Amino acid sequence: MTKAPKSPRAQKSTARSGVREDPASAYDMTDAKEQIEHRTLACIVDNEPGVLARVVGLFSARGYNIESLTVAEIDRNAHQSRITIVTSGTNHILEQIEQQLLRLVPVARVIDVTQSGGIERELALVKVAGQGERRVEALRISEIFRARVIDTTNESFIFEVTGASMKIDQFVELMRPLGLVEVSRTGVLSIQRGKEKGG
Amino acid sequence: MSQMDGHTGRDGTQAEMLTGAEIVLRALTDQGVDTIFGYPGGAVLPIYDAIHAQDRVRHILVRHEQGAGHMAEGYARSTGKCGVALATSGPGATNMVTPIADALMDSIPMVVITGQVPTHLIGSDAFQEADTVGITRACTKHNYLVRDVNDLARIIHEAFYIATSGRPGPVVIDIPKNVQFARGPYVGPGAIEHRTYRPRTVPVDHRIEEAVALMAKAERPIIYSGGGVINSGPKASEALRELARVTGFPVTSTLMGLGAFPASSPQWLGMLGMHGSFEANNAMHDCDVMICVGARFDDRVTGRLDAFSPGSKKIHIDIDPSSINKNVRADVPIVADCGEALSALVAAWGARGRQKGPDLSAWREQIEQWRARKCFAYPGSEAIIKPQYAIERLYALTRDRDVYITTEVGQHQMWAAQFFHFDQPNRWMTSGGLGTMGYGLPAAVGVQAAHPSALVIDIAGDASVQMTMQEISTAIQHDLPIKIFILNNEWMGMVRQWQQLLHGERYSHSYSDSLPDFVKLAEAYGAHGIRCDSPAGLDDAILEMINTPRPVIFDCRVEKAENCFPMIPSGAAHNEMILGAITGNEIGEAGKVLV
């Protein structure tokens, strides 16, 4: 589970053309010892043709990582989509990613979900095949994880499980010795806590 | 096909119904475009029909679409207006990719209109089909595929807004042929407010105060200005001059920023960076407060990043927030238009009243000592033309002229930057970021189209100039008397120099074999050809070039093995410059040469 934010004001988003207000005086930005962090960013974009290609192209062109990516329209009238991207890099690279995303004309805003303590969820479909004791054990574990059985045959289950990515990782690992066949995951979705609209 | 009847416009009046092609021309006219550079083809024939039917927008027919793009860049850079180029689908659009990428790197406002196969054929591998928006996505500021004629007018106006506002850049509008034929409503430019794109131009007050507080305590300050000051317009250059005047701070600039600050000022240090001046680079290295305005800490400027100006506090003014903290951490980040920020700094500096800052005389004395090394000095010759001498003479003999300089890329470009001096912005057009050989000749055509009576000179190399040589034909056709001044050393000089210094003198494929006879080539095109190979005859030959009212190709035969110095080798720091043969082993402790 994700941690609760320290305060509602801790929400961190960078408005278009805003620079982070933490100009530390460190000049050795190429220092390889800087820690690699994982970060979840949500981009609110104009839902126009090619917008996903712009975002993805930016990541590949500048050599940034994409660990997962989800996108769907979230407001038909406002014509907006939300793209949630899980990425990794040093703090400096992560800042650059945010600023580079904001340069794209159809990107309205970028929300740092990780630093603002937003909620992240993922859904996975997990196919497990087996018989006898292994089958019973798989079902028992699925109850602990509150996974739902959405398809079953005499020799298999498909489980639907939702939660933070780490929970899904754990579920998949537990299923591995019990006859794991394949996994399909949505990638991470995100939303801000509290009553305010995110970003 | 869209509605053929009346259509209600934004203000409630009946919008005029025009064909897509007519909308293009009307929108260009309403955007104040007087000249476009283009090449016809199947997918833009309706637009060419519309061009034929009017006389407000002049069309300059080029010989290759790359030429059209660079002409639009030259036009834009020399006027401050948006350049416009037009090309057909497929190869027309792909030929345009290099100038588009060039304009993106150098932040040149440009709108490129390309034809596309009809919408129902898109994706069918139709004749001359290419995924233009896909191909140009990574090298434009923004691009559009117009699928509906009802969106066309709005998109064109929006494209001009995006190209010219914030950090300028190229915008591509891809228009399928059926959309050019279809009728739709024309809406005028109006006030554009983009849903998501809203660049910030005005600086935050407290950042200006922080900057002035740093500047007021500076003992070794420097102003490092870039192409952004020129992009911001003449007022920004004036504000830069004013800031330098009131503070007394020395000024250096990037390749792209030359001309924003007058080279004739005693505060001018010359260009910085890889082939910049000894005094500029050492001052950058040793300064305690750096005011970077409209520049982006490019690797050609910074050299080795971890040794870049280690002891300074850095104020970074840029309209593009992603430029700040990208390569070098800023202590005071100021996201704003350069002109606005510089004016705010001038005002805040003035508001300090009579407070006296630290005495800068020791810093000035140090700078004069560096300057006294005369880093650009070169051994003269009576027998052979030194390339530096050729530029010096070109500068001296054009001083009383209304002169614009373009360049190609390589040694000649660096010598031009070192030995030709500018006192005004928008007089120097060069490909800085992308380093496009073949930029200068077409850019000169674009500059001349905007300034018909000016003296426009492309300082070229023998290798670069052959990349877009055919555009001399464009210059002839449109009566644009550009001067192509080729420093001909029969080498790709900069490649040769790197091979000499860094690759054990193995001159792999850098010799310009089978060069054309440039004089005969000029004559074949209908231009005037001049050749000069002696220092004694150089002045007369240059005057002949200047006084010829037609396009001229000047084949200036120069010293073949000359290297461009001073030089910071890749991966070295600012205080590790090689000063070149003339100082030999004098480099001393600063000369850890990384070759």
Side-chain angles (χ1 to χ4, degrees), chain A residues 14-34 43-62 64 75 77-81 90-110 199, chain B residues 131 133-134 136-145 147 151 158-159 161-162 166-167 169 171 194-202 204 206-207 210 297 302 304-316 318-336:
Chain A
T14 313
R16 177 166 276 287
S17 75
V19 158
R20 281 285 184 72
E21 293 288 297
D22 50 359
S25 223
Y27 299 113
D28 49 351
M29 302 209 312
T30 48
D31 188 355
K33 277 176 284 183
E34 216 185 324
C43 315
I44 308 301
V45 300
D46 252 14
N47 187 18
E48 60 177 38
V51 64
L52 183 62
R54 285 181 212 284
V55 170
V56 172
L58 186 152
F59 276 75
S60 68
R62 294 190 183 265
Y64 305 144
D75 188 336
N77 293 331
H79 226 64
Q80 284 190 328
S81 292
T90 60
N91 199 46
H92 166 238
I93 287 171
L94 293 167
E95 259 181 50
Q96 262 296 302
I97 292 174
E98 234 177 282
Q99 294 300 337
Q100 292 292 345
L101 283 169
L102 284 165
R103 274 179 87 189
L104 299 177
V105 167
V107 171
R109 50 188 194 277
V110 177
Chain B
D131 175 11
V133 285
T136 60
R137 196 171 282 133
C139 58
T140 49
K141 183 171 174 187
H142 196 50
N143 62 14
Y144 299 89
L145 171 63
R147 290 176 173 277
D151 297 329
E158 200 174 282
Y161 171 67
I162 290 173
R167 180 177 178 179
V171 178
H194 195 275
R195 267 211 304 266
T196 53
Y197 172 76
R198 280 167 205 169
R200 186 204 287 175
T201 58
V202 182
V204 178
H206 75 93
R207 291 298 188 198
E210 283 171 46
F297 296 96
T302 61
R304 204 173 90 212
L305 261 184
D306 59 359
F308 174 72
S309 195
S312 64
K313 293 277 186 191
K314 296 169 184 76
I315 300 162
H316 189 179
D318 205 298
I319 200 160
D320 174 8
S322 76
S323 283
I324 293 174
N325 291 342
K326 182 174 69 180
N327 299 333
V328 170
R329 182 71 74 176
D331 296 278
V332 182
I334 300 177
V335 178

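Model, not experiment: these values are computed from the prediction. Below, chains carry the letters A, B, ... as their sequence lines are ordered, and counting in each starts from 1.
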| Has the side chain of A:Q99 got a donor or acceptor atom that lies under 3.5 Å from a matching backbone atom of B:S323? | no
| said: Does atom CZ (B:R137) have a neighbourhood of more than 12 heavy atoms from anything else shown, all under 6.0 Å? | reply: yes
| request: Answer yes when B:R329 and A:E95 have at least one side-chain N-carboxylate O distance shorter than 4.0 Å, and no when they do not. | output: yes
| field | Contact class of A:A53 relative to chain B, heavy atoms under 4.5 angstrom | value | both
| field | Region of A:Q100 that comes under 4.5 Å of a non-hydrogen atom in chain B | value | both
| field | side chain to side chain contact (heavy atoms under 4.5 Å, CB included) between B:H142 and A:R54, worked out | value | CA-CA 9 Å; B:H142 196 50; A:R54 285 181 212 284; 3.6 Å; yes
| said: Is B:N143 close to chain A through its backbone or its side chain, or both, or neither, when contacts mean heavy atoms under 4.5 Å? | reply: both
| Residue B:R167 versus chain A: region with a heavy atom under 4.5 Å | side chain
| query | Rounded to the nearest 0.5 Å, how far does CZ of A:R103 lie from OH of B:Y197? | reply | 10.0 Å
| task | Run through B:E158, B:R195, B:H194 and flag the one making a side chain to side chain contact (heavy atoms under 4.5 Å, CB included) with A:V105. | result | B:H194
| Only one of A:I44, A:D46, A:L104 forms a side chain to side chain contact (heavy atoms under 4.5 Å, CB included) with B:T196, so which one is it? | A:D46
| Residues forming a side-chain contact (heavy atoms from CB on, under 4.5 Å) with B:V204, sequence neighbours excluded | B:R200, B:H206, B:R207
